[in-house]
Amino acid sequence: MAVSKFNAATSVVDWAKSDAYHNSFLIPNDEVLDFVVKNSVDQGLPDIAVSPAQGKFLNLVAQSIGAKRILEVGTLGGYSSIWMGRALSEDGVLVTLELNEHHAKVARENFTKAGLDDKCKVVIGPAYESMTSLQPRIPFDLVFIDADKRTYPKYFAEAKRLVKKGGIIIVDNVVRYGQVNDLSVGDIDTIGIRELLAYIKEDKEIEATTIATVGERAFDGFLYAIRK
């Protein structure tokens, strides 16, 4: 819903404060997730995981569809994996794809701390190659893509193959400070997002929308898609 006024000078600090205020009502303190964040940063991983509010959103999506099988493209330290893994049923599984062996090691440590090492499985290697090698007997209910943006079109095409009809594909970081629509911005990652949008436009088996967001991860947004 629209609001009547918006201060264009609002800073990332202000957005983070807004997130913190809402989170204080809706997201309880969590020692496990605090450990995951600290352990990841202490071991040299970049501090680029989804925010708590975004993690809770992923958790709620997985709960709302009763997800039993989740695929994640881009593990990092496993923060988003844990949010989604907590929503799985007892017999559920999350497969997460990670290129960097050190990141995968840290993620496994974090899964153990969260009591999810039996549900969250890391596959090491180039994500696209890992995706093409997957031939699941049962398709995934939910796919979350949060990796290198230049490969987003290829990741999305494989996600469509791997997700069930009626399943959900969520793609992170598709707004990038509002620069995707600025054709003077020509870096390879922004181009990858434009190519993804063009791909989806022509795909009659996908319904999708982009939701722009502001918060402690600044001005960005995600794409929410359903395979028809």
Side-chain angles (χ1 to χ4, degrees), residues 26-28 30 32-33 35-36 49-99 103-104 106-147 152 154-174 200 203 205-209 211 222-228:
L26 304 175
I27 304 178
D30 191 312
V32 170
L33 289 174
F35 169 88
V36 169
V50 301
S51 71
Q54 293 163 345
K56 182 68 175 288
F57 172 77
L58 293 171
N59 176 279
L60 292 174
V61 170
Q63 284 192 60
S64 69
I65 64 173
K68 291 186 175 182
R69 292 176 53 79
I70 299 173
L71 175 64
E72 179 180 48
V73 183
T75 310
L76 197 61
Y79 183 80
S80 54
S81 317
I82 291 169
W83 272 110
M84 292 184 287
R86 286 176 166 180
L88 289 168
S89 60
E90 285 299 319
D91 57 344
V93 64
L94 180 145
V95 177
T96 181
L97 311 180
E98 176 56 50
L99 176 63
H103 293 182
V106 174
R108 290 189 178 111
E109 293 175 5
N110 291 335
F111 295 158
T112 299
K113 178 69 175 180
L116 290 171
D117 46 356
D118 60 333
K119 289 186 178 181
C120 296
K121 309 298 182 182
V122 185
V123 176
I124 300 175
Y128 181 67
E129 293 179 14
S130 298
M131 293 179 84
T132 58
S133 69
L134 289 174
Q135 301 292 333
R137 181 176 59 85
I138 302 173
F140 292 95
D141 303 301
L142 169 64
V143 181
F144 177 51
I145 302 173
D146 186 10
Y152 269 11
K154 295 168 71 174
Y155 291 154
F156 191 91
E158 281 301 299
K160 179 188 169 186
R161 178 181 70 85
L162 294 166
V163 78
K164 70 179 184 182
K165 288 186 177 181
I168 294 168
I169 304 171
I170 298 175
V171 187
D172 202 10
N173 306 129
V174 299
I200 293 173
D203 192 325
E205 295 180 330
I206 294 292
E207 288 283 354
T209 191
I211 303 297
F222 64 92
L223 185 139
Y224 189 104
I226 295 177
R227 182 190 170 199
K228 295 193 291 184

Do the side chains of Val163 and Ile168 get nearer than 4.5 Å, heavy atoms only? no
Tyr79 vs Pro52 side-chain heavy atoms within contact, under 4.5 Å: yes
Closest heavy-atom pair and its distance - [X], [Y]:
X: Ile70; Y: Ala62; result: CD1-CB, 4.1 Å
X: Met84; Y: Leu94; result: CB-CD1, 3.8 Å
X: Val122; Y: Arg108; result: O-NH2, 3.4 Å
X: Gln63; Y: Ala87; result: CG-CB, 3.7 Å
X: Val174; Y: Phe222; result: CG2-C, 3.6 Å

Is atom NZ of Lys228 surrounded by more than 12 heavy atoms (other residues, nucleotides or ligands) closer than 6.0 Å? yes
Counting neighbours of NZ on Lys68 that are heavy atoms of other residues, nucleotides or ligands and sit closer than 6.0 Å, is the number greater than 12? no
Are the side chain of Arg161 and the backbone of Met131 linked by a donor-acceptor contact shorter than 3.5 Å? yes
Quick check against the 3.5 Å criterion: does Asp146 have a side-chain atom that pairs as donor or acceptor with the backbone of Asp172? no
Hey, are Asp30 and Lys56 close enough for a salt bridge, meaning a charged N less than 4.0 Å from a carboxylate O? no
